Amino acid sequence: MTTFDLDPRLDADTASVGMLGLCRVLLMRDARYPWLILVPALPDLVEISDLSAADQSRLMTEIAAAGEALAGLYRPEKINTGALGNIVRQLHVHIVARNAGDPAWPGPVWGHSAAVAYDETALQTRLQEIKAALGIA
């Protein structure tokens, strides 16, 4: 049996928020955007179609919950959701809270510019806010 391992690039670029039913929830280490990444915690996934029908449904429910959590916390103008996988092939979904005037607006955040690191206090605050909004202990 193959085990779930997080892609090293995702691991390096994010902080762990915790687990939902299917997905590991990660916070992108870029203080300019409230930016979550959901990674289904199953081995060898590349495409959404690699999931069972039940897990596809569960993934969509968790994507919606993550978007609702970011919207409730940060009141963005738009929630961007995307599963690109051109660089990191492991199935993962980005959920990003966006506002006019943010550094990448109106374009995508991916590849726009180098991330701006959180200071430790701001990182811990954001992690706790998101955990509470998602009901993660």
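The shown structure was predicted, so the numbers you read here are calculated from the model rather than taken from an experiment.
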So, do [X] and [Y] sit near enough that their side-chain heavy atoms are less than 4.5 Å apart?
X: Glu62; Y: Arg58; value: yes
X: Ile95; Y: Leu38; value: yes
X: Leu27; Y: Leu123; value: yes
X: Tyr33; Y: Pro103; value: yes
X: Val96; Y: Met28; value: no
X: Leu45; Y: Pro40; value: yes
X: Leu42; Y: Leu22; value: yes

> Taking only residues two or more places apart in sequence, or in another chain, which ones meet His92 in a side chain to side chain donor-acceptor pair (under 3.5 Å)?
Replying inline: His94
> Is it the case that more than 12 heavy atoms not belonging to Met19 sit under 6.0 Å from its CE atom?
Replying inline: yes
> Among pairs that include at least one residue of residues 11-25, which meet side chain to side chain donor-acceptor pair (under 3.5 Å), considering only residues two or more places apart or in two chains?
Replying inline: none
To the nearest 0.5 Å, what is the distance between [atom1] on [X] and [atom2] on [Y]?
X: Trp35; Y: Trp110; atom1: CH2; atom2: CH2; result: 7.0 Å
X: Leu26; Y: Leu6; atom1: CG; atom2: CG; result: 5.5 Å
X: Leu91; Y: Leu59; atom1: CG; atom2: CG; result: 6.5 Å

Please name all residues satisfying side chain to side chain contact (heavy atoms under 4.5 Å, CB included) with [X], sequence neighbours left out, ordered by chain then number.
X: Gln128; value: Lys131
X: Ser113; value: Arg32
X: Ala122; value: Tyr118, Asp119
X: Ala115; value: Asp30

>> If you apply the rule side chain to side chain contact (heavy atoms under 4.5 Å, CB included), what do you find for Ile136 with Val25, and how did you get there?
In response: CA-CA 10 Å; Ile136 295 174; Val25 182; 4.2 Å; yes
For residues 46-53, run the donor-acceptor check on the side chains, cut-off 3.5 Å, and write out each pair with its distance to 0.1 Å, sequence neighbours left out.
from: Asp50; atom 1: OD2; to: Val46; atom 2: N; distance (Å): 2.8
from: Asp50; atom 1: OD2; to: Glu47; atom 2: N; distance (Å): 2.9
from: Ser52; atom 1: OG; to: Asp55; atom 2: N; distance (Å): 3.1

Which donor-acceptor pairs under 3.5 Å do the side chains of residues 82-90 make with protein atoms, sequence neighbours left out?
from: Gln90; atom 1: OE1; to: Asp7; atom 2: N; distance (Å): 2.8
from: Gln90; atom 1: NE2; to: Asp5; atom 2: O; distance (Å): 2.8

Could you pull out every donor-acceptor pair under 3.5 Å between side chains of residues 66-80 and any protein atom, sequence neighbours left out?
from: Tyr74; atom 1: OH; to: Arg126; atom 2: NE; distance (Å): 3.4
from: Tyr74; atom 1: OH; to: Glu129; atom 2: OE1; distance (Å): 2.6
from: Glu77; atom 1: OE2; to: Ala100; atom 2: N; distance (Å): 3.1
from: Asn80; atom 1: OD1; to: Arg98; atom 2: NH1; distance (Å): 3.0

